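These numbers were taken from a predicted model, which means no experiment stands behind them.
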Amino acid sequence: MSPDAHSRPWSHVSLPLLVAVLGVMLGDVVTTGVGLKLGLEEGNPFVAHLLAEVGIAGLVLVKAITVVLLVVLSGWTRRSHRTFRLGSLVYLVVGTLVVLSNVVAIVTVG
């Protein structure tokens, strides 16, 4: 890779991983919204407060901030490619578990 490639602000971002992270985030927002419509409660106290104040837009805001932090903070490290991959994989594992938990709760109630 050329030295110029490392100086581009988004060169450390893997597009497939970013798309996967965004997909899991979308899955969380959708399943949370469905669960709330069915009368379920949000398990995260911070997000529950945000949802009570501004609705589902609050969760979307949290997800947007998370993506910005993942991309920007990983870009500030010496091994930004590795940091972005690791952060993305951690988010994918945790986020997938959250979405699956939401789906189980929805199926149980529905």
Donor-acceptor pair, side chain of [X] and main chain of [Y], under 3.5 angstrom:
X	Y	answer
Thr108	Val104	yes
Thr77	Ser74	yes
His12	Val71	yes

May I have the list of side-chain donor-acceptor pairs in residues 41-56 shorter than 3.5 Å, sequence neighbours left out?
{"residue": "Glu42", "atom": "OE2", "partner": "Asn44", "partner atom": "N", "Å": "3.1"}
{"residue": "Asn44", "atom": "OD1", "partner": "Phe46", "partner atom": "N", "Å": "2.9"}
{"residue": "Asn44", "atom": "OD1", "partner": "Val47", "partner atom": "N", "Å": "3.2"}

Name of the residue among Thr31, Val93, Asp28, Val103 meeting side chain to side chain contact (heavy atoms under 4.5 Å, CB included) with Val98: Asp28
Leu73: partners by side-chain contact (heavy atoms from CB on, under 4.5 Å), with sequence neighbours left out: Leu69, Trp76
Straight-line distance of [X] [atom1] to [Y] [atom2], nearest 0.5 Å:
X	Y	atom1	atom2	answer
Leu61	Thr66	CG	OG1	9.0 Å
Leu22	Lys63	CG	NZ	11.0 Å
Asn102	Leu40	CG	CG	8.5 Å

So do [Y] and [X] actually touch side chain to side chain, heavy atoms under 4.5 Å?
X	Y	result
Met25	Val60	no
Ser88	Leu70	yes
Leu18	Val67	yes
Val24	Val94	no

Same apolar cluster (I L V M F W Y, side chains within < 4.5 Å links), Val99/Leu92: yes
Hydrophobic cluster membership, Leu86 vs Val21, 4.5 Å side-chain cutoff: no
